[in-house]
Amino acid sequence: MSTFLSHNYRGAYHFSPKENWMNDPNGMVFFQGEYHLFYQYHPYSTIWGPMHWGHAVSRDLVVWEDLPIALAPDEHGTIFSGSAVVDWNNTTGFFGKEPGLVAIFTQHAEGAEGEAPVQRQSLAYSTDAGRTWTKYAGNPVLAHDTFVDFRDPKVFWHEASAQWVMIVACGQTVCLYRSPNLIDWTLSSEFGEEIGSHDGVWECPDLFPLPVDGNPDQTKWVMLVSIGDHQGSAEGSRTQYFTGDFDGERFKPDAASQTRVRWIDYGRDNYAGVSWSDVPAEDGRRLFIGWMSNWKYAGQTPTGGWRGAMTAPRELRLQSRSGSAELIQQPARELEAYRKEVLSLKQVTAAQASAKLAGLQLESGEIRIGFVSGSLEMKVRAGAGRETVIGYSAAAGEVYIDRTRAGAADFHPLFAGRHTAVLDAADGTVDLRILIDRSSVEVFAGEGLAVLTDLIYPDQVSTGLSLAADDEETLIDSLDIYELSI
Ligand code: FRU
């Protein structure tokens with residue numbers, strides 16, 4: 001494939017590295033008006049290798065400024081995933097009067113001949129808003145005697161117990177530690193045995209409180225746990241979540257989390273996502289971004305010169321549905337500033353909407369549609385023998401993305417396929433919000449209860465749109481189409 005063609009897969013509004021390999025988002029923290037995004041980065045290759053932390057900053061989560069590599073391997077190992085926090089009260093002693101940033105990350109050291117690798121947690125700090133980093137001289141700060149997989153620390157200040165809390169993956173569970181200063185850590189508890197999915201190794205956990213239905217008196221804790229790829233799975237790597245209570249030491253799962261596995265995304269390409277730290281209280285959002293790929297085929301995707309992109313930034317909320325708190329996702333509202341209206345229809349039939357779509361072109365953009373709950377299907381990035389199909393099946397009660405004919409797929413036998421999420425249109429209507437880009441589609445259905453994120457590799461010329469309903473008279477309450485690019 002020519003470099004020219006493959007470069008056209010670079011998203012028009014999704015973050016990707018200018019060159020070479022990227023996987024997990026790391027160290028997301030808001031500080032002094034900037035959102036920081038670090039990421040697993042191999043600066044010398046488009047395949048995974050010795051990990052560094054790449055770095056970018058943004059004032060609005062959409063336009064990113066690339067900064068130099070923040071953390072590079074050293075005598076303790078390469079730099080795996082982790083988090084960053086603002087040390088407001090200089091609990092570490094790394095800072096003077098002004099608060100600074102502390103990164104808490106895994107260092108992965110290959111074992112000697114015939115021995116297992118070693119994963120331990122280390123610190124680095126920055127006194128210049130993340131521009132330069134100093135590794136803590138006492139690294140590593142946390143090791144484990146038995147776990148080979150001991151990684152991806154996510155740290156937050158737990159207000160109620162006035163201490164730092166770390167959630168870190170340990171084999172097929174997560175361990176919770178506490179610390180007064182980010183340096184000395186005490187084990188509080190372990191969570192995960194006999195609950196949730198254990199299809200693969202546990203990675204990249206997160207833990208944060210959210211109000212249920214926006215009610216600050218009714219807070220639940222959400223735990224995210226990414227599950228690694230394993231042979232024989234069709235889904236590959238994906239992220240589950242638990243809801244429950246947390247007292248600073250122990251996580252107690254809700255009934256819903258004890259009885260079923262809930263995934264944050266039912267597409268194939270949203271992995272290792274975690275949330276931003278230190279978003280100001282007056283903003284109050286829990287902002288999330290994920291790595292838009294899957295370990296099943298991440299190393300084979302047909303981009304040229306660069307590989308790996310992030311999902312759109314998203315806001316996470318909790319809503320009660322049928323008695324349990326469910327995770328809701330929507331694209332961060334900042335994206336709306338980049339919309340250019342293409343079409344806006346109200347109260348039309350499917351047949352009328354379909355006629356209006358003929359001839360429209362959309363390479364990167366957003367579609368919002370609300371309709372009375374018959375089966376309805378939209379094709380995006382269509383033309384030249386390609387199409388990505390997004391729809392709702394009333395019979396199955398499912399929303400889906402079918403990328404079977406979306407574009408290049410021959411790089412992995414499990415890439416082509418149709419992915420579904422249950423969506424109960426109980427009130428008789430369905431709403432879909434679809435983000436389209438040069439190599440991805442993200443679908444938020446049922447106000448963001450059912451989410452699917454899929455990579456696609458269409459031709460550059462495949463930009464057609466169409467809509468069809470089983471019943472041509474299906475009422476479309478509203479249909480809005482925007483171009484989206486920066
Ligand atoms: C998840 C992961 C992490 C690890 C990193 C290495 O995708 O496997 O567990 O820290 O990637 O790049």
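Atoms within a ligand are numbered from 1 in the order they appear, just like the ligands themselves.
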Can an N or O of Asn23 be found at a distance shorter than 3.5 Å from an N or O of ligand 1?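 Min N/O separation from ligand 1 is below 3.5 Å for Asn23.
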
Is the closest N or O pair between Tyr271 and ligand 1 shorter than 3.5 Å?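 For ligand 1, there is no N or O atom that lies under 3.5 Å from one belonging to Tyr271.
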
In plain terms, say whether Asp206 and Arg286 are close enough for a salt bridge, that is, a side-chain N and a carboxylate O under 4.0 Å apart.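 Salt bridge flag = no for Arg286 with Asp206.
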
So, Asp149 and Arg151, do they make that salt bridge, N to O below 4.0 Å?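 Yes, this pair counts.
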
Considering non-hydrogen atoms of the protein only, which is the closest contact for [atom], and what is the distance?
atom: atom 1 (C) of ligand 1; value: Asp24 OD2, 3.0 Å
atom: atom 8 (O) of ligand 1; value: Glu203 OE2, 2.8 Å
atom: atom 6 (C) of ligand 1; value: Gln40 OE1, 3.2 Å

Nearest non-hydrogen contact with atom 10 (O) of ligand 1 belongs to which option: Asp149, Asn294, Asp152?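 Checking each option, the heavy atom nearest atom 10 (O) of ligand 1 is found in Asp152.
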
Consider only side-chain N and O atoms of Asn294 and Ser237, and report whether a donor and an acceptor are under 3.5 Å apart.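 Per modelled atom types, Asn294 and Ser237 side chains form a pair under 3.5 Å.
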
Pair Tyr241-Glu326, side-chain donor/acceptor within less than 3.5 Å: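 Side-chain D/A pair, Tyr241 to Glu326: present.
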
Taking only heavy atoms of Ser81, which atoms of ligand 1 are found under 4.0 Å from at least one of them?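 Counting from 1, the qualifying ligand atoms are 5 (C), 10 (O).
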
Quick one: which of Arg238, Arg403, Lys296 gives a salt bridge (Lys or Arg N to Asp or Glu O under 4.0 Å) with Asp269?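 The passing option is Arg403.
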
Does Ser462 offer a backbone N or O that forms a donor-acceptor pair with the side chain of Asp459 under 3.5 Å?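 Looks like no, no N/O pair under 3.5 Å.
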
